[in-house]
Amino acid sequence: MNGAEAIVQTLVHHGVDTVFGYPGGTIMPVYDALLDSPIEHLLCRHEQGAGFSAIGYARSSHRTGVCIATSGPGATNLITALADAMMDSVPIVAITGQVPTNAIGTDAFQEIDILGLSMACTKHSFLVTEPDMLCQTLHQAFTLANSGRPGPVLVDIPKDIQQAPASWHPPLDLVTNGFTPDKAAYENLHKAQELMLSASRPIAYIGGGVNMAHATDELRHFLQVTGLPSACTLKGLGTVNPDNEGYLGMLGMHGNRAANTAVQGCDLLIVVGARFDDRVTGKLDTFAPDAKVIHIDIDPAEVHKRRAANVVFHQPMQWVLKELSSALPVNEWLCHCQRLKAEHQWQYDKPGEDIYAPHLLNQLSRKLPDNAIISCDVGQHQMWVAQHMAFHHTRNHLTSGGLGTMGFGLPAAIGAAIARPGDTVTLVSGDGSFMMNVQELNTIRRRQLPIKIILLDNQKLGMVRQWQELFYEGRYSETDLSDNPDFITLANAFGIGGRTITHRDEVTSALDEMLSVNGPWMLHIRIDAMENVWPLVPPGASNHEMLEKRS
């Protein structure tokens with residue numbers, strides 16, 4: 001076999017059944033080898049779309065996403081997706097073609113130092129210069145992408161290495177002894193248990209790391225046994241069952257007031273797979289000011305980075321949560337948190353005939369099955385999804401958290417639809433974000449993927465406009481999108497049916513119609529251009545200083 005065939009065989013060995021990509025000159029040998037393989041290639045219409053599709057595939061399935069691109073602009077178009085995967089700890093292997101080894105460094109056609117460019121946004125990057133190193137490098141890439149804190153790995157392969165004779169090699173046998181707790185681990189358990197028993201107002205602050213550690217079941221058992229109230233980050237949504245009596249919802253800049261109030265008043269934070277992100281903490285030195293901290297995280301770089309911890313665990317999360325699962329005397333505190341939750345429930349009785357996006361999304365959530373996947377873009381609609389939709393597993397909520405990438409949602413939905421063909425996949429997007437990767441509608445058409453598209457159209461870059469209103473004295477600069485295309489006509493051009501609605505009495509029938517369609521469908525929804533996301537912690541403010549909707 002040649003190098004390209006060895007690449008494909010290595011992908012098969014790692015259980016890869018689908019890759020997302022776009023062909024070009026220096027990756028053509030791999031595309032030739034794919035023709036004779038059991039791997040399905042999904043042709044996206046932009047390399048960024050391929051990268052985001054790989055992310056959607058990985059996040060919805062707990063498998064490794066794989067994307068492929070050619071050298072030069074093909075490789076550079078992957079950079080944003082790799083950065084997104086890096087920020088959100090998603091296991092991705094990106095394979096890029098490169099000019100032949102004897103042309104590297106000569107400014108050859110479509111040559112770019114993708115190894116150097118990608119180092120800041122990957123866990124590791126490789127340039128393969130010897131055919132004998134090809135298989136082991138790819139094996140190592142899959143191991144690195146999934147070990148410890150997951151993330152993206154890039155393998156850059158010159159065209160002559162793909163064409164050279166090669167032998168396939170299985171991965172090297174690595175001796176793994178499993179996890180054995182040491183004396184220090186047990187000492188930390190004792191310290192943590194003492195803190196938990198002595199606390200009168202403890203709360204669990206839960207992030208996306210729980211899902212990445214495959215510890216959702218252990219986390220739910222931990223909350224059930226301890227009786228702790230809990231709040232989640234944007235990426236942690238779905239970790240806690242939404243029906244859990246102590247669950248307060250999302251905390252942070254656009255979090256639930258009950259969640260922020262409880263966290264601000266707690267005396268112990270049990271931080272599970274979260275990193276004290278600035279969008280969560282608000283003004284850092286006022287965040288949960290009276291709280292001691294137990295921090296459970298696999299990545300040592302995240303501990304003490306923004307908030308000092310009293311007890312730290314880097315051991316496997318499943319083991320830590322199991323060992324800490326014992327009943328706590330928190331009934332009075334739990335009842336207080338439940339009263340906060342009841343006091344600050346979302347209100348959907350906005351007057352008027354306009355469609356109120358939070359209510360529509362809440363209605364959609366109630367109509368969808370528990371295993372439905374929601375992929376969303378970035379902006380006001382992203383926060384409304386997080387606030388008003390219920391998620392029963394983090395794999396069902398696909399959102400660009402750390403990087404906040406507009407254009408993420410449509411290709412991520414494609415990846416999810418490929419990974420979980422039996423589950424309902426719905427994209428919630430805004431008119432600004434949707435246009436960022438609109439070309440991927442043709443990827444949906446080619447495969448007739450039954451993705452339902454909710455397009456909230458306020459003819460604005462809504463979140464930027466909101467900040468301009470609140471913090472820039474209403475000076476609106478380049479946020480007007482009133483020259484949007486006719487979105488239903490656009491969808492029809494890609495063979496996708498749809499409907500536009502403008503009044504709230506149309507919502508129920510439109511949602512039912514969309515969910516009954518056997519195939520892709522767009523529901524285009526016109527909403528008030530001046531509607532804002534509430535509540536809001538202003539930049540530089542403390543979480544207890546949340547702004548509410550102005551009358």
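Worth saying up front: this structure is predicted, and the values here are computed from it rather than measured.
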Review point. Is there side-chain contact between M250 and L237, with heavy atoms separated by less than 4.5 Å?
Key: yes

Exercise for review: Verify the ring-centre separation between Y205 and F276: is it less than 6.0 angstrom?
Suggested key: yes

Exercise for review: Please lay out, stage by stage, how Q363 and L511 fare under the test side chain to side chain contact (heavy atoms under 4.5 Å, CB included).
Suggested key: CA-CA 9 Å; Q363 288 176 276; L511 291 176; 4.1 Å; yes

Point to revise | L410 side chain near F52 side chain, heavy-atom distance below 4.5 Å | key: no

Check your understanding: Per the side chain to side chain donor-acceptor pair (under 3.5 Å) rule, which among E531, R465, Q380 passes with N458?
Key -> Q380

Review point. Are the charged groups of R59 and D88 less than 4.0 angstrom apart, N to O?
Key: yes

Study note, to complete from the structure: Note: H62 and R395 closest approach over all heavy atoms is CD2-NH1, 3.1 Å

Review point. Less than 4.0 Å between a side-chain N and a carboxylate O, is that true for K191 and E194?
Key: no

Practice item. Would you indicate whether the side-chain heavy atoms of P535 and H254 approach each other to under 4.5 Å? Key: no

Practice item. Could you tell me whether E245 and K341 make a salt bridge, using a distance below 4.0 angstrom between a side-chain N and a carboxylate O? Key: no

**Study point:** Inter-residue atom distance Q338.CD - L248.CG, 0.5 Å rounding
**Key:** 9.0 Å

Exercise for review: Could you check whether the rings of H359 and Y348 sit parallel, tilted or perpendicular, using 30° and 60° as the cut-offs?
Suggested key: parallel

Study note, to complete from the structure: So CD1 of I79 and CG of L117: to nearest 0.5 Å the spacing works out to 5.5 Å

Check your understanding: Heavy-atom count around K305 NZ within 6.0 Å, excluding the residue itself: above 12?
Key -> yes

Revision key, fill the gap. Heavy atoms of A510 and L523 approach each other most closely as CB-CD1, 3.7 Å

Exercise for review: Considering non-hydrogen atoms only, spot the tightest contact between L427 and A413 and give its length.
Suggested key: CB-CB, 4.4 Å

Check your understanding: For atom CE of M530, is the number of surrounding heavy atoms from other residues, nucleotides or ligands below 6.0 Å larger than 12?
Key -> yes

Exercise for review: Mind listing the closest non-hydrogen atom pair of G255 and M546 along with its distance?
Suggested key: O-CE, 3.2 Å

Practice item. On the 0 to 90° scale, with breaks at 30° and 60°, tag the W333-H336 ring pair as parallel, tilted or perpendicular. Key: parallel

Study note, to complete from the structure: Heavy-atom nearest pair, I374 first then V428, reads CG2-CG2, 4.1 Å

**Study point:** Atom OH of Y472 with >12 non-hydrogen neighbours under 6.0 angstrom
**Key:** no

Point to revise | Worked verdict on Q382 versus T399 for side chain to side chain donor-acceptor pair (under 3.5 Å) | key: CA-CA 8 Å; Q382 179 190 31; T399 192; 2.8 Å; yes

Check your understanding: Are any of the side-chain nitrogens in E513 or R499 under 4.0 Å away from the carboxylate oxygens of its partner?
Key -> yes

Review point. Do other residues, nucleotides or ligands put more than 12 heavy atoms under 6.0 Å from K283 NZ?
Key: no

**Study point:** Nearest heavy-atom neighbours spanning N371 and R420
**Key:** O-NH2, 3.0 Å

Exercise for review: Answer yes when K292 and D267 have at least one side-chain N-carboxylate O distance shorter than 4.0 Å, and no when they do not.
Suggested key: no

Exercise for review: Report, as yes or no, whether the 6.0 Å neighbourhood of atom CZ on R279 holds more than 12 heavy atoms from other residues, nucleotides or ligands.
Suggested key: no

Review point. Does the distance from a Lys or Arg side-chain N to an Asp or Glu carboxylate O, for R275 and D277, drop under 4.0 Å?
Key: yes

Point to revise | salt_bridge(K460, D480) N-O dist < 4.0 Å | key: yes

